[in-house]
*Asks:* 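Okay, handing you the structure first.
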Number of protein chains: 2
Amino acid sequence: MPATKMKATIKSVATDLFYRKGYYATAISDIARGSGIQKASIYYHYASKEDLLFSILETTMDDLTVYIRETLEGVSDVEERLRVAIRGHVGFHLTRQKENFIANSELRGLSSQNFRAIVRMRDAYERIFQDLIRRGIDDGAFAVVDVKILSYAILTLCTAGASWFKPDGRLNVDEIALIYENFIISGLKQAEGAVLRPPVAALSG
Amino acid sequence: MPATKMKATIKSVATDLFYRKGYYATAISDIARGSGIQKASIYYHYASKEDLLFSILETTMDDLTVYIRETLEGVSDVEERLRVAIRGHVGFHLTRQKENFIANSELRGLSSQNFRAIVRMRDAYERIFQDLIRRGIDDGAFAVVDVKILSYAILTLCTAGASWFKPDGRLNVDEIALIYENFIISGLKQAEGAVLRPPVAALSG
DNA sequence: GTCTATACGATGATAGAC
DNA sequence: GTCTATCATCGTATAGAC
């Protein structure tokens, strides 16, 4: 088999196993078995197990960022831009569920240098959403909200779908995206103003 | 040292290490070192590493459920009940950050029986929020939304705080809770209605 | 209750033949 | 490119002394 094809097979098998069993619980021998080769042969294609994980995460983040930028092209209305971005984010995460689940749960498997590289990409991606929200606030489309906190909240909420979504479940990707979209846009318009109130009760621990 | 005290020390050290390094990356010897004993001595207090993880998760879920139920006592208005529950959820998660982070990232470390036990507790907890939302819809306080999807979204969004919150950061627990609370309640009232639109573009992968 | 010593298995990775 | 064989290490857990 040509190197490029086997390399892709290994990556695909690893993605599936990392998703189903987790990075640490997956042994190189498992990936080899799934790929139909011996474990030593894996190292001809990838330098290490971590290298394989990094490759998956890097590709995912790259594709996600490119996809969202494409999605936004030609859309000018501030609110519609955020709606489009949410749709894109949800669509990408639910369609490429395994990779995205890994990207959100297995960063721990990376050494500090690789970790920083992925976090840098993630930060840049988050900034796209933060800019969209800020623009919406400046234009008066949204209420004056905390951009950082709510951008994390919004992305997390949409991403979470990747952990429970089932392609043949009750709702399809578009339906789920629409539910999120309306919830988020309404939340950002803040029909409900802030309410002053006493602090929560003290907690042990 | 009396058994109960050392047992608590071990649990506390393990919580800290599982939070900082992850369950798989933490060795029994690490926990022993942090507790000031030899690794073999750990097994006098806990049957296995998984037993220790399970103990942390069980206590956390128990305390969380009890806390939320207490928080809701005596509150009758539907909207205020959900607001109170959100405040409680956020407060608990940001105050007992480490345990909650583990509870949301290390379920993989459990064998199927223990896994099911924790998931059962989590499901029961989620049902509290689902009932609150459903009540709000029935009473006309909230729009007719998808309860399951949005309950997951709401809990995930609030829980996420446990992964980035810093006690001495820009905002304190109450401020963050209020931001979430207003965002969520506004989202559930849905000033913005559903918008029909074409499906998202096809995705590769 | 805690210690030392050790059994035992698994895993990531390498060496070198084909 | 893939194989067989093997290394080196580490981690959980147990045995038995104190």
Side-chain angles (χ1 to χ4, degrees), chain A residues 1-58 102 105-115, chain B residues 1-58 102 105-115:
Chain A
M1 194 181 283
T4 52
K5 183 149 184 233
M6 178 52 85
K7 193 167 182 179
T9 299
I10 292 168
K11 194 166 175 174
S12 164
V13 169
T15 300
D16 186 58
L17 288 171
F18 290 169
Y19 172 69
R20 280 171 30 217
K21 305 176 46 174
Y23 176 70
Y24 284 103
T26 299
I28 291 284
S29 56
D30 296 331
I31 300 170
R33 199 172 316 119
S35 305
I37 52 173
Q38 295 300 311
K39 63 176 179 175
S41 308
I42 298 280
Y43 293 90
Y44 174 80
H45 302 277
Y46 292 94
S48 66
K49 188 181 171 185
E50 187 195 331
D51 184 40
L52 187 42
L53 174 62
F54 181 72
S55 170
I56 293 169
L57 299 181
E58 193 182 30
I102 297 168
S105 58
E106 302 291 10
L107 286 195
R108 281 248 164 91
L110 299 174
S111 60
S112 61
Q113 194 180 341
N114 283 336
F115 179 82
Chain B
M1 192 181 284
T4 52
K5 183 149 185 233
M6 179 51 86
K7 192 167 182 177
T9 299
I10 292 168
K11 192 166 175 173
S12 164
V13 170
T15 300
D16 186 58
L17 288 170
F18 291 167
Y19 173 68
R20 280 172 29 219
K21 305 176 47 173
Y23 176 70
Y24 283 102
T26 300
I28 291 285
S29 56
D30 296 331
I31 301 170
R33 198 173 316 118
S35 305
I37 53 175
Q38 295 301 309
K39 62 179 178 175
S41 307
I42 299 280
Y43 292 91
Y44 175 81
H45 302 278
Y46 292 94
S48 66
K49 189 181 169 185
E50 187 195 330
D51 184 41
L52 186 44
L53 174 63
F54 181 72
S55 169
I56 293 170
L57 299 182
E58 193 182 29
I102 297 167
S105 58
E106 302 291 11
L107 287 196
R108 280 249 164 89
L110 299 175
S111 59
S112 61
Q113 196 180 341
N114 283 336
F115 179 81

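In the text below, chain A, chain B and the rest are named by the order of the sequence lines, each starting its count at 1. All of these numbers come straight from a predicted model, not from anything done at the bench.
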*Asks:* Applying side-chain hydrogen bond (donor to acceptor under 3.5 Å, both in side chains), can you list everything that pairs with B:Glu58, at least two apart in sequence or on another chain?
*Replies:* none

*Asks:* My understanding is that only residues two or more places apart in sequence, or in another chain, count here; which of them pass side-chain hydrogen bond (donor to acceptor under 3.5 Å, both in side chains) with B:Lys7?
*Replies:* none

*Asks:* Tell me whether the NZ or CZ atom of B:Lys49 lies within the 45° cone about the ring axis of B:Tyr23 and under 6.0 Å from its centre.
*Replies:* yes

*Asks:* Over the length of the helix from C:dG1-D:dC18 to C:dC18-D:dG1, how much do the five-pair end axes diverge, rounded to 10 degrees?
*Replies:* 0°

*Asks:* Once ring pair (Phe, Tyr, Trp, His ring centres under 6.0 Å) is applied, do any residues pair with A:Tyr24, and if so which ones, sequence neighbours excluded?
*Replies:* B:Tyr24

*Asks:* Heavy atoms within less than 4.0 Å of DNA chain D: which residues of residues 42-54 of chain A have one? Give them sorted by number.
*Replies:*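 Listed by number, they are A:Tyr44, A:His45.
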
*Asks:* Measuring from B:Leu52:CG to B:Ile10:CD1, what's the distance to the nearest 0.5 Å?
*Replies:*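 Going from CG on B:Leu52 over to CD1 on B:Ile10, the span is 7.5 Å.
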
*Asks:* Roughly how far, to the nearest 0.5 Å, is the OG1 atom of B:Thr15 from the CD1 atom of B:Ile102?
*Replies:*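 So the gap between those two atoms works out to 5.0 Å.
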
*Asks:* Under the side-chain contact (heavy atoms from CB on, under 4.5 Å) rule, collect the residues that match up with A:Ser111, sequence neighbours excluded.
*Replies:* A:Glu50, A:Asn114

*Asks:* Under a 4.0 Å heavy-atom cut-off, which of residues 12-35 of chain B touch DNA chain D?
*Replies:*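 Hits under 4.0 Å, by residue number: B:Thr26, B:Ala27, B:Ile28.
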
*Asks:* Among residues at least two apart in sequence or on other chains, which ones pass side-chain hydrogen bond (donor to acceptor under 3.5 Å, both in side chains) with A:Ser105?
*Replies:* none

*Asks:* Suppose we screen for ring pair (Phe, Tyr, Trp, His ring centres under 6.0 Å). Which residues come up paired with B:Tyr19, at least two apart in sequence or across chains?
*Replies:* B:Phe101

*Asks:* Going by side-chain hydrogen bond (donor to acceptor under 3.5 Å, both in side chains), name the residues that satisfy it together with A:Arg20, two or more places apart in sequence or in a different chain.
*Replies:* A:Asp16

*Asks:* What residues form a salt bridge (charged side-chain N to carboxylate O under 4.0 Å, His left out) with A:Asp51, not counting sequence neighbours?
*Replies:* none

*Asks:* Do B:Ser12 side-chain atoms and B:Ala8 backbone N/O form a donor-acceptor pair below 3.5 Å?
*Replies:*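 It does not hold such a pair.
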
*Asks:* At the 4.0 Å heavy-atom cut-off to chain A, mark where contacts on DNA chain C begin and end, going 5' to 3'.
*Replies:*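 The protein-touched segment is C:dT11 to C:dA15.
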
